[in-house]
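Heads up: the structure comes next, in structure tokens.
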Amino acid sequence: MNAPEEKNSQALIAIVDDDQSFREALESLLRLIGFRTAIFASARNFLDSPQLPNVSCAILDVSMPGIDGLELQRHLGATHRIPIIFITDLRDAKTREHAVQAGAISFLNKPVSEETLIDALNSALRP
């Protein structure tokens, strides 16, 4: 099992996905490998959270009811400058291109390997 870079182990990773089973599985994996996590069922829950200012990186789904992942990315880019990783079932090249051009660190498709995810997180958390 891979581990986060030592300096990244205390980073708070927000997981924003409307799929409860995916959220919980990803949270368990990240905690197991040494990251701190906070999970949110919607973008609105995340934006309203008192934890938002402490988040070091956000892992977002693209397709969510209400505020979708791309809208959330735009909002965070304008207000909080949090590095973003997308993990999604969506395999649309135009959406991927838009997310990356808007500053996403990675745009990964489900299922994602642990190694790929850790590499993306370590990239997102580099100063």
Side-chain angles (χ1 to χ4, degrees):
M1 182 180 322
N2 292 328
E5 293 177 5
E6 188 173 331
K7 66 184 180 302
N8 294 339
S9 65
Q10 290 305 305
L12 179 60
I13 310 301
I15 301 165
V16 186
D17 196 306
D18 60 318
D19 180 336
Q20 181 179 353
S21 61
F22 180 77
R23 252 190 345 263
E24 291 173 353
L26 187 55
E27 176 186 39
S28 293
L29 172 65
L30 292 179
R31 285 180 184 247
L32 183 64
I33 58 179
F35 286 104
R36 295 183 317 123
T37 62
I39 59 173
F40 303 93
S42 71
R44 177 54 45 210
N45 289 349
F46 177 52
L47 290 171
D48 292 343
S49 170
Q51 293 178 302
L52 179 59
N54 302 319
V55 170
S56 304
C57 179
I59 297 175
L60 311 179
D61 189 10
V62 172
S63 301
M64 295 184 286
I67 301 170
D68 70 20
L70 295 175
E71 289 178 76
L72 180 56
Q73 178 187 30
R74 280 190 295 275
H75 179 79
L76 293 173
T79 60
H80 295 293
R81 306 274 187 229
I82 297 169
I84 294 171
I85 296 169
F86 283 98
I87 300 179
T88 184
D89 286 324
L90 190 64
R91 299 193 185 285
D92 177 55
K94 188 171 185 163
T95 301
R96 172 189 298 271
E97 181 181 333
H98 179 76
V100 171
Q101 285 180 346
I105 300 298
S106 295
F107 191 98
L108 309 173
N109 290 111
K110 296 176 184 175
V112 62
S113 76
E114 178 183 319
E115 181 178 328
T116 299
L117 178 58
I118 291 171
D119 287 347
L121 283 165
N122 284 328
S123 291
L125 298 170
R126 282 195 187 106

Residue from D68, L70, T88 passing side chain to side chain contact (heavy atoms under 4.5 Å, CB included) with T95:
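Of the listed residues D68, L70, T88, the side chain to side chain contact (heavy atoms under 4.5 Å, CB included) partner of T95 is L70.
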Atom pair [atom1] ([X]) and [atom2] ([Y]), whose distance is rounded to the nearest 0.5 Å:
| X | Y | atom1 | atom2 | answer |
| --- | --- | --- | --- | --- |
| D17 | E27 | CG | CD | 12.5 Å |
| S106 | R96 | OG | CZ | 9.5 Å |
| L125 | I105 | CG | CD1 | 9.0 Å |
| L121 | I85 | CG | CD1 | 4.0 Å |
| I13 | C57 | CD1 | SG | 5.0 Å |
| D92 | E97 | CG | CD | 10.0 Å |

Under 4.5 Å between any side-chain heavy atoms of [X] and [Y], yes or no?
| X | Y | result |
| --- | --- | --- |
| I84 | L72 | no |
| S63 | D89 | no |
| L117 | E114 | no |

Indicate the atoms forming the closest heavy-atom contact of [X] with [Y], along with that distance.
| X | Y | result |
| --- | --- | --- |
| L30 | I15 | CD1-CD1, 3.9 Å |
| G69 | L60 | O-CD1, 3.8 Å |
| V16 | M64 | O-SD, 3.7 Å |
| R23 | F40 | CD-O, 3.2 Å |
| G66 | E71 | O-OE2, 3.9 Å |
| V62 | F107 | CG2-CE1, 3.7 Å |

Test side-chain contact (heavy atoms from CB on, under 4.5 Å) on F22 and D61; report intermediate values, then the result.
CA-CA 10 Å; F22 180 77; D61 189 10; over 6 Å; no
Has R81 got more than 12 heavy atoms of other residues, nucleotides or ligands less than 6.0 Å from its CZ?
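For R81, atom CZ is not crowded (no more than 12 foreign heavy atoms under 6.0 Å).
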Output, in order, the C-alpha distance, side-chain angles, deciding distance and verdict of side chain to side chain donor-acceptor pair (under 3.5 Å) for S28 and R31.
CA-CA 5 Å; S28 293; R31 285 180 184 247; over 6 Å; no
What's the verdict on side chain to side chain donor-acceptor pair (under 3.5 Å) for S21 and D19, showing C-alpha distance, side-chain angles and the deciding distance?
CA-CA 6 Å; S21 61; D19 180 336; 2.8 Å; yes
Taking it one step at a time, do I67 and F46 satisfy side-chain contact (heavy atoms from CB on, under 4.5 Å)?
CA-CA 11 Å; I67 301 170; F46 177 52; over 6 Å; no
Could you walk me through whether L26 and V112 pass the side-chain contact (heavy atoms from CB on, under 4.5 Å) test, one step at a time?
CA-CA 10 Å; L26 187 55; V112 62; 5.7 Å; no
